[in-house]
> 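Take a look at the following structure, please.
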Amino acid sequence: MAAHAFPSATRASAVQASRSRGLLPGEIEHIHWLSKLEPELRERATADLRVASVAPGELLCRVGRQGTFWFGVIDGLLKMSNDSASMAMPITFTGVSRGGWFGEGTLLKNEVYRYNIQALRNSVVAGMPVATFHWLLDRSIGFNRFVMNQLNERLGQFIAAREIDRLTHPDERVARSLAALFHPVLYPGVGDMLRITQQELGYLVGLSRQRVNQALTTLQAAGVIVVAYGGLRVPDLEKLRHYTA
DNA sequence: TCATTAAATTGTT
DNA sequence: AACAATTTAATGA
């Protein structure tokens, strides 16, 4: 179980560094909240957004660092956890998939990050500076509505995460974690096919790849998922969410 | 476009 | 943890 060794690169945040670039036209449509902004505000928002590639194992946020960016996943998969530094057992809060944005709670309170964000694979991540974040909060009704909704949905997800932790049956843990990744509001970019390897899912749920493979086979037999090479489909999210072994 | 090869991912022990 | 089988991605004719 201690073998969760990543090819551990631990460079500082990539988004602010010279490794970041501006937004590409094709990426704008993947940022759903932009369409909720008033047109005159959207201009600055898009101009201030930075995009960077992050390698597997790389950390975007570290516990205790001052919150400086609001992050969003353009493509790839991240893991939100509390692990390493602290005394407690490593706990994965959630995975963050395409279309997911996070860090708003930290920025709102002008606090330090309370979790680590680590890339599980090569990912493309967008970052909005804290100044722009507050600038939009002060001006845009649509943005406020989005952030509020985001906070609410994530609260629900964290409550669900606590329940997942209590589940002992691996198949059920995998089922619930997958259901969380298919959350249509938090991760609108996922679509019906989630790209995730069984190894990545193992890191996320805290199981071996072998056990994940076994769980996926069971879940497929139960008809709640369809396994494919390098990913899977969920025909009925509610059935997956309520799966019992 | 097709065939070949390397790399990634899965299935199984 | 190791290994074989399968699928995808990359390469060059």
Side-chain angles (χ1 to χ4, degrees), chain A residues 1-11 14 19 21 24-27 29-30 51-60 73-81 83-84 89-100 116-126 164 167-183 186-237 239-241 243-245:
Chain A
M1 202 58 73
H4 280 191
F6 270 106
S8 59
T10 46
R11 271 161 288 174
R19 293 170 51 210
R21 55 167 170 79
L24 298 177
E27 291 165 343
E29 52 195 298
H30 291 299
V51 179
S53 300
V54 290
E58 205 171 327
L59 285 166
L60 266 143
V73 180
I74 304 293
D75 192 23
L77 184 65
L78 311 180
K79 182 178 83 166
M80 185 183 289
S81 66
D83 58 8
S84 66
M89 166 185 66
I91 296 174
T92 297
F93 296 133
T94 181
V96 185
S97 190
R98 297 177 70 163
N116 289 327
I117 292 282
Q118 191 174 31
L120 285 174
R121 73 165 82 117
N122 280 311
S123 304
V124 180
V125 177
I164 292 175
L167 293 176
T168 53
H169 200 109
D171 295 359
E172 293 178 352
R173 293 179 59 106
V174 171
R176 303 294 190 90
S177 299
L178 279 177
L181 284 175
F182 270 95
H183 195 299
L186 288 175
Y187 312 120
V190 170
D192 67 325
M193 165 80 173
L194 174 66
R195 296 271 314 171
I196 189 172
T197 66
Q198 300 179 2
Q199 176 71 80
E200 291 166 340
L201 199 48
Y203 283 136
L204 219 51
V205 187
L207 296 171
S208 70
R209 182 178 70 77
Q210 290 91 328
R211 192 57 188 83
V212 168
N213 179 269
Q214 189 181 324
L216 291 182
T217 305
T218 305
L219 292 176
Q220 183 170 40
V224 293
I225 64 170
V226 180
V227 181
Y229 182 90
L232 49 91
R233 277 169 223 287
V234 176
D236 188 342
L237 185 55
K239 273 177 69 180
L240 176 63
R241 195 171 278 149
Y243 172 85
T244 50

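None of these values were measured; they are calculated from a predicted model. Below, chains carry the letters A, B, ... as their sequence lines are ordered, and counting in each starts from 1.
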> Just jot down the side-chain hydrogen bond (donor to acceptor under 3.5 Å, both in side chains) partners of A/Arg173, sequence neighbours excluded, or say none.
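Partners of A/Arg173 under the side-chain hydrogen bond (donor to acceptor under 3.5 Å, both in side chains) test: none.
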
> Run the side-chain hydrogen bond (donor to acceptor under 3.5 Å, both in side chains) test against A/Asp192 and tell me which residues pass, sequence neighbours left out.
A/Arg233

> Only counting residues at least two apart or in another chain, list the ones meeting ring pair (Phe, Tyr, Trp, His ring centres under 6.0 Å) with A/Phe93.
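A/Phe158.
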
> Sequence neighbours left out, what passes salt bridge (Lys or Arg N to Asp or Glu O under 4.0 Å) with A/Glu27? Give chain and number order.
A/Arg21

> Excluding sequence neighbours, so at least two apart, what forms salt bridge (Lys or Arg N to Asp or Glu O under 4.0 Å) with A/Arg176?
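Expected list: none.
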
> Quick one: list whatever passes side-chain hydrogen bond (donor to acceptor under 3.5 Å, both in side chains) with A/Ser123, sequence neighbours left out.
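None.
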
> How does protein reach along nucleotides 5-11 of chain C, written 5' to 3' as B (base within reach of a heavy atom under 4.0 Å), S (only sugar-phosphate), or - (no contact)?
--BS---

> Partners of A/Arg195 by salt bridge (Lys or Arg N to Asp or Glu O under 4.0 Å), sequence neighbours excluded?
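Here no residue qualifies.
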
> 5' to 3' on DNA chain B, which nucleotides open and close the contacts with chain A (atom under 4.0 Å from a heavy atom)?
B/dA8 to B/dT13

